[in-house]
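In what follows, chains carry the letters A, B, and so on, assigned in the order in which the sequence lines appear, proteins first and then strands, with residues in each chain numbered from 1. Small disclaimer: the values here were computed from a predicted structure and weren't measured.
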Amino acid sequence: MEEGLAQNSVPPSGPIDKSRILDVKPMRSLIPVFPMSPQAPASGQYPSGFSPFFPFGGPQQGSSGAPRGGAIPAPIQAYRSPVGAGEGGTSMDGSSGRKNAASRSARSAAKRNKKAVGVPVDASGLVGISPAQREDGSREVVHLIMTTFDAIRRRICQLDDAKELSSGSIKRSDLKACNTLMSKGIRTNLRKRVGAVPGVEIGDIFYFRMELCIVGLHAPSMGGIDSLHVKGEFEEEIIAISIVSSGEYDDEAEDNDVIIYTGQGGNFNKKDKHVTDQKLERGNLALDRSSRQRNEVRVIRGIRDGANPNSKIYVYDGLYKIQDSWVDRAKSGGGVFKYKLVRVPGQPSAFAVWKSVQKFKSGFPSRTGLIIGDLSSGAESIPVSLVNDVDNVKAPAYFTYFHSLRHPKSFSLMQPSHGCSCGKSCVPGDLNCSCIRRNGSILVSRRPLIHECGPTCQCFPNCKNRASQTGLKHHMEVFKTKDRGWGLRSLDPIRAGSFICEYAGEVIDQARLNQLAKEGDANEYVFDTTRIYEEFKWNYEPRLLEEVSTNDSTEDYTMPYPLIISAKNVGNVARFMNHSCSPNVFWQPILYEENNQSFLHVAFFAISHIPPMTELTYDYGIASSGHAGGSRDSKGKKRCLCGSSKCRGSFG
DNA sequence: GTACCTTCATCATA
DNA sequence: CTATGATGAAGGTA
């Protein structure tokens, strides 16, 4: 997931030191703020009690034959060999496109940072992307920029929500956030190029056009065609370097590897204007030239977001070449250009994965390797499927499926209990809610502890300050990995910051943990907050919006209370999540009151946007020394197979 | 659920 | 150099 760094020269002199350049701000809650979704359908409570899990019983057992075959595309990012990332080499350099590449602000910033080597710290001392990084990205820089964008965007959302001005104010958090980043020069891959963009991988997903823009995948904020001037044989000519296919037009997708793309311009689709033909200029001209040059064109596919039908998700589907072009006539009669793009073979599948998932969901044809349709047996409102298409193992060892903690450990309250008395539902920015107020000031980042509303509160159960209590929101799947046992992934895309699941199980104490250690498999299905976790911080909210003051910039990231959970006998999907040294999921301590007592829970949230079918992983951390029977050093550890460039080699 | 309608930011052209 | 225009966006409203 992290390879391809040093590919395009100009090494930004080492990884970014986030702790130095970034200022993490406290946030109010971890609920993902989507501009318009009602967020919680609140489709009722869980059926009380436990639901037993019978791996071999029941009528819905999968077909008997050995599940095998390639019906399920491999996870996009999980096990990529280093080959895919670094094609780079053949890029035609956009020499002429370069002259106007830098925006004014970027230029001035570049001037300021002229001498700066490595991580630049801008005048205010906080965030910076070096001039080199601004021109050519890397996985790390892209990740940083995406995360920063989303952090700022959410904060703007929360501020808007809290103000509740609603005086017809247009809430374009994406534009505002983009503005902020652009003006600070926080963007990358500004140098246009043909072919792969360093740091952006095939299968990566985006929730706004602006995200494509700031990572340099596709520059125009609205337009579907991005182009570049190159030196032709005799004169300069323009070629296409990327397109966005929104699927809404007349673009046809006969199969996963072919797109019939319609040119731009012409009033053939508007009803007020009179019909005009498209002209062979701008993007159309670029596509035309590219069909002769046969250069690679990046393709981004726009897909309707199932969870949020009003918005779209953009999937980077890799490189295509224009194989054919012709003139056609739209229904309205206007002449249009058509271009046939064919996917360059040998690339990891991206859009094809989405298509397969659609088929899985429609249940037709029945899926290869499906063992159980819902291993939660109804305990979750969305089924949890169990599949194995790599070997003959039929099911994980027996356990009881339960959605939360059993025998939860309670803590005496610091103050007398008072849940909030909000009338309906609490929103993240609202300081009138006493629960939200306990979380301190605004924001959405990882916190030492987050207070959620609970049963004691007056607010509705679908209140937004109960993110971790509303059950699974995504169609999760337990699947057999090639070399790491069972793993967890989602059939749905997961937006950065979204709640994924709680770590369910039985709360145990240190003595019991030590006993398990002696028995051998202490690490199996145990979550232990007393372990040492690197990089506890997430969501590097930079101090970009001046109007918000930091009242607590120095935060203690040690755990407030120890909590050890065993999911060996009782648990939910979280027990199947594997370790990775560069994970896409983080855990977060959550506290809420129930029966006049406070209970601590552990919940998981997405670090970044996660495409469907990508394995979900979090960092298991390192066993703290000084307990657990002393000799845990090399014995209790397992060789790490996460494959990350930052891999520590072992875990446990 | 669809159809407009308003306000957007960017980059290439003029 | 700066202004202008084209443009498969997003969100809200009818």
*Asks:* Does A:Arg209 put a side-chain nitrogen or oxygen below 4.0 Å from OP1 or OP2 of C:dA9?
*Replies:* yes
*Asks:* Would you indicate which nucleotide in B:dT13, B:dA9, C:dA9 comes nearest to any side-chain atom of A:Asn179?
*Replies:* B:dA9
*Asks:* Nearest 0.5 Å, please: how far is CD1 in A:Ile152 from SG in A:Cys157?
*Replies:* 12.5 Å
*Asks:* Would you kindly give the NZ-to-C1' distance between A:Lys312 and C:dG8, to the nearest whole Å?
*Replies:* 6 Å
*Asks:* Nearest-Å distance, CD1 (A:Ile214) to C1' (B:dC11)?
*Replies:* 17 Å
*Asks:* If the cut-off is 4.0 Å, is A:His218 near the phosphate of C:dT7, judged by side-chain N/O to OP1 or OP2?
*Replies:* no
*Asks:* With sequence neighbours left out, write down each residue that passes ring pair (Phe, Tyr, Trp, His ring centres under 6.0 Å) with A:Tyr314, or none if nothing qualifies.
*Replies:* none
*Asks:* At under 4.0 Å, does any side-chain N or O of A:Thr262 touch on OP1 or OP2 of C:dG8?
*Replies:* no
*Asks:* Could you say whether A:Glu281 or A:Asp174 is positioned toward the 5' end of DNA chain C, judged by the nucleotide with the nearest heavy atom to each?
*Replies:* A:Glu281
*Asks:* Looking at A:Asp136 and A:Arg191, is any side-chain nitrogen of the basic one under 4.0 Å from a carboxylate oxygen of the acidic one?
*Replies:* yes
*Asks:* Under 30°, 30 to 60°, or over 60°: which ring-plane class applies to A:Phe605 and A:Phe499, parallel, tilted or perpendicular?
*Replies:* perpendicular
*Asks:* Taking only side-chain N and O atoms of A:Lys192, does any of them lie within less than 4.0 angstrom of OP1 or OP2 on B:dA12?
*Replies:* yes
*Asks:* I want to check a possible cation-pi pair here: A:Arg446 against A:Phe586, using under 6.0 Å from ring centre and within 45° of the ring axis as the test.
*Replies:* no
*Asks:* Whole-Å distance between B:dT13 C1' and A:Leu285 CG?
*Replies:* 13 Å
*Asks:* Locate the shortest heavy-atom distance separating A:Ser227 from A:Ile238; write the atom from each residue and the value.
*Replies:* OG-CD1, 3.4 Å
*Asks:* Please state how far atom CG in A:Leu280 lies from atom P in C:dA6, giving the value in whole angstrom units.
*Replies:* 17 Å
*Asks:* For A:Leu190 and B:dA12, give me the distance from atom CG to atom P, rounded to whole Å.
*Replies:* 10 Å
*Asks:* For A:Phe337 and C:dG8, what is the distance between atoms CZ and P respectively, to the nearest whole Å?
*Replies:* 14 Å
*Asks:* Which nucleotide in the set B:dT10, C:dG11, C:dA9 lies at the smallest distance from any side-chain heavy atom of A:Tyr314?
*Replies:* C:dA9
*Asks:* Can you tell which of A:Leu285, A:Leu287, A:Leu280, A:Asp328 makes a side-chain contact (heavy atoms from CB on, under 4.5 Å) with A:Phe337?
*Replies:* A:Leu280
*Asks:* Any idea if C:dG8 is syn or anti, going by the 90°-from-0 cut?
*Replies:* syn
*Asks:* Quick check for you: among B:dT13, C:dG11, C:dA9, whose closest atom lies nearest to any side-chain atom of A:Ile238?
*Replies:* B:dT13
*Asks:* Toward the 5' end of DNA chain B, which comes first, A:Pro309 or A:Leu175, by nearest nucleotide?
*Replies:* A:Pro309
*Asks:* Let me know the distance between CE of A:Met210 and C1' of C:dG11, rounded to the nearest Å.
*Replies:* 14 Å
*Asks:* Between P on B:dT13 and CD on A:Glu237, what's the gap in Å once rounded to a whole number?
*Replies:* 13 Å
*Asks:* If you look at every strand shown and take non-hydrogen atoms under 4.0 Å, does A:Asp226 touch a base, only sugar-phosphate, or nothing?
*Replies:* nothing
*Asks:* So, does A:Tyr207 get its side chain near the phosphate of C:dA9, meaning an N or O under 4.0 Å from OP1 or OP2?
*Replies:* no
*Asks:* Is any side-chain nitrogen or oxygen of A:Gln264 closer than 4.0 Å to OP1 or OP2 of C:dA6?
*Replies:* no
*Asks:* Any side-chain N or O of A:Asn310 less than 4.0 Å from the OP1 or OP2 oxygen of C:dA10?
*Replies:* no
*Asks:* Is it the case that A:Arg495 places NZ or CZ above or below the six-membered ring of A:Tyr207, under 6.0 angstrom from the centre and within 45 degrees of the axis?
*Replies:* yes
*Asks:* Under 3.5 Å for both distances, Watson-Crick or G-U wobble, that's the pair rule; now give the dot-bracket for DNA chain B, with | marking pairs to another strand and [ ] for crossing ones.
*Replies:* .||||||.||||||
*Asks:* Quick check: on DNA chain B, is the nucleotide nearest A:Arg282 upstream (toward 5') of the one nearest A:Met222, or the reverse? Name the residue that is more 5'.
*Replies:* A:Met222
